[in-house]
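Each remark here refers to the structure printed beneath this line.
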Amino acid sequence: QNKLTNTSNLEMSGNKYEFMYFPVKGYGNMVRIVLEDQGIPYEYKPVGENWPQVKPTTPFGQVPVLTVNGSTQIAQSHTIARYLGREHGLMGSNNIEQAQIEMWIDQSADLRKKFAKMIYTDYENGLKPFLESIPTELAPFEKQLTGDSAHLLFGKLTLADYIVFDVLHVLTALSPTCLDSSPHVKAFYTSFGARKNLYAFLEKPEIKSMKFTGSPHL
């Protein structure tokens with residue numbers, strides 16, 4: 001278990017978080033990088049051989065699950081991330097900004113789903129066409145980041161930055177050169193990955209050695 005403390009942020013949110021997920025990066029990583037980079041205290045509870053016992057205690061028989069204040073369970077990775085975004089000032093200044101943030105999150109989720117389908121069901125035949133499709137898939141992000149490669153929206157940090165970074169983190173693990181034809185996306189990925197807390201988390205030996213998926217391929 002990994003217990004982190006940051007009293008100021010704990011007092012600010014007033015919430016105690018426990019985060020449960022399998023010991024892979026997977027869909028849980030988008031949540032952990034928000035928690036880690038923002039210095040939000042939480043307890044990480046990896047699920048392993050105890051999964052058959054834990055499974056019935058979760059809302060949908062799956063993880064990740066964020067437990068708030070020891071009682072309220074929130075499931076679904078993007079729902080958890082959005083909740084944290086709202087709690088910690090990462091969802092924009094008004095409903096219009098929030099909608100745009102969610103729009104880019106949903107677009108990146110579509111790409112993540114295509115990756116997941118390939119890696120779990122069609123790796124041998126699907127890898128090459130998937131890699132070839134990445135520049136086209138990233139074209140909207142490349143256009144959006146033109147002129148500001150530090151943040152996706154509004155010239156400020158939002159939840160969309162974390163979710164898009166996490167997708168890019170997976171893609172570059174699959175192919176280190178896959179961002180080369182998307183220079184603004186690559187610049188964003190490089191600069192965002194250099195954030196002090198985020199970089200420190202991703203460089204931890206136990207995180208670096210952790211698989212990205214539950215498949216044998218990555």
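Computed from a predicted model, the values in this text were never measured in an experiment.
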Using a strict threshold of under 4.0 Å (side-chain N to carboxylate O), is an ion pair present between R82 and D106?
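Yes, charged N to carboxylate O under 4.0 Å.
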
Any side-chain heavy atom of [X] within less than 4.5 Å of one from [Y]?
{"X": "P64", "Y": "F19", "result": "yes"}
{"X": "L84", "Y": "L66", "result": "yes"}
{"X": "I40", "Y": "H88", "result": "yes"}
{"X": "K208", "Y": "K204", "result": "no"}
{"X": "Y123", "Y": "P216", "result": "no"}
{"X": "M30", "Y": "V34", "result": "no"}
{"X": "F141", "Y": "H184", "result": "no"}
{"X": "M91", "Y": "E102", "result": "yes"}

Check the surroundings of atom OH in Y120: do more than 12 heavy atoms from other residues, nucleotides or ligands lie under 6.0 Å from it?
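More than 12 heavy atoms, drawn from other residues, nucleotides or ligands, come within 6.0 Å of this atom.
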
Given 3.5 Å as the limit, does a donor-acceptor pair link the side chain of [X] with the main chain of [Y], or not?
{"X": "D161", "Y": "T158", "answer": "yes"}
{"X": "S191", "Y": "F188", "answer": "yes"}
{"X": "E97", "Y": "S93", "answer": "yes"}
{"X": "K25", "Y": "I207", "answer": "yes"}
{"X": "E142", "Y": "V185", "answer": "yes"}
{"X": "T213", "Y": "L218", "answer": "yes"}
{"X": "K55", "Y": "G61", "answer": "yes"}

Run the ring-centre check on F165 versus H169 and record whether the distance is less than 6.0 Å.
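Judged by ring-centre distance (under 6.0 Å), F165 and H169 do meet the cut-off.
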
Which pair of non-hydrogen atoms, one from [X] and one from [Y], has the smallest distance, and what is that distance?
{"X": "S209", "Y": "E206", "value": "OG-O, 3.5 Å"}
{"X": "I33", "Y": "L202", "value": "CG2-CD2, 4.4 Å"}
{"X": "I101", "Y": "A160", "value": "CG2-N, 3.8 Å"}
{"X": "Q73", "Y": "P59", "value": "OE1-CD, 3.4 Å"}
{"X": "L111", "Y": "L138", "value": "CD2-CD2, 4.0 Å"}
{"X": "S215", "Y": "I119", "value": "OG-CG1, 3.5 Å"}

Report the distance from atom [atom1] of [X] to atom [atom2] of [Y], rounding to the nearest 0.5 Å.
{"X": "Q107", "Y": "D110", "atom1": "CD", "atom2": "CG", "answer": "5.5 Å"}
{"X": "L127", "Y": "S175", "atom1": "CG", "atom2": "OG", "answer": "8.0 Å"}
{"X": "S108", "Y": "H78", "atom1": "OG", "atom2": "NE2", "answer": "5.5 Å"}
{"X": "Y162", "Y": "L35", "atom1": "OH", "atom2": "CG", "answer": "10.0 Å"}
{"X": "N94", "Y": "Q100", "atom1": "CG", "atom2": "CD", "answer": "8.5 Å"}

List for me each residue that meets side chain to side chain contact (heavy atoms under 4.5 Å, CB included) alongside V54, sequence neighbours excluded, and say none if there are none.
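Residues passing side chain to side chain contact (heavy atoms under 4.5 Å, CB included) with V54: M20, N50, W51, T57, T58.
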
Under the side chain to side chain contact (heavy atoms under 4.5 Å, CB included) rule, collect the residues that match up with T190, sequence neighbours excluded.
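Residues passing side chain to side chain contact (heavy atoms under 4.5 Å, CB included) with T190: K186.
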
Using the side-chain contact (heavy atoms from CB on, under 4.5 Å) rule, pick out the option among [options] that qualifies with [X].
{"X": "L90", "options": "K156, Q38, Q98", "answer": "Q38"}
{"X": "L145", "options": "L153, V164, L152", "answer": "L152"}
{"X": "Q76", "options": "I80, T79, I74", "answer": "T79"}

Can a side-chain donor-acceptor contact be found between N29 and D166 if the only test is distance below 3.5 angstrom?
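Short answer, yes.
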
Go through the side-chain N and O atoms of E36 and Y199 and say whether any donor and acceptor fall under 3.5 Å apart.
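No, because no side-chain N or O of E36 sits under 3.5 Å from a partner of the opposite role on Y199.
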
Is the terminal nitrogen or CZ of [X] (NZ for Lys, CZ for Arg) located under 6.0 angstrom from the six-membered ring centre of [Y] and within 45° of that ring's axis?
{"X": "R86", "Y": "Y83", "value": "no"}
{"X": "R112", "Y": "Y27", "value": "yes"}
{"X": "R32", "Y": "Y44", "value": "yes"}

Is there a side-chain contact (heavy atoms from CB on, under 4.5 Å) between L157 and F192? Walk through the geometry before answering.
CA-CA 10 Å; L157 179 66; F192 199 81; 3.5 Å; yes

Please report the C-alpha distance between N15 and N69 in whole Å, then the side-chain angles of each, then the deciding distance to 0.1 Å, and finally whether the side chain to side chain donor-acceptor pair (under 3.5 Å) criterion is met.
CA-CA 6 Å; N15 291 321; N69 297 328; 3.0 Å; yes

Verify side chain to side chain donor-acceptor pair (under 3.5 Å) between T67 and Y17, making sure each step is shown before the conclusion.
CA-CA 6 Å; T67 302; Y17 298 131; over 6 Å; no

Are S77 and Y21 close enough, and set up right, to give a side-chain contact (heavy atoms from CB on, under 4.5 Å), and what steps lead you there?
CA-CA 10 Å; S77 53; Y21 194 58; over 6 Å; no

Let me see the working for F201 and D37 under side-chain contact (heavy atoms from CB on, under 4.5 Å), right down to the final yes or no.
CA-CA 8 Å; F201 171 67; D37 188 62; over 6 Å; no

Derivation and outcome, side-chain contact (heavy atoms from CB on, under 4.5 Å), residues M118 and E124
CA-CA 9 Å; M118 180 276 297; E124 285 74 15; over 6 Å; no

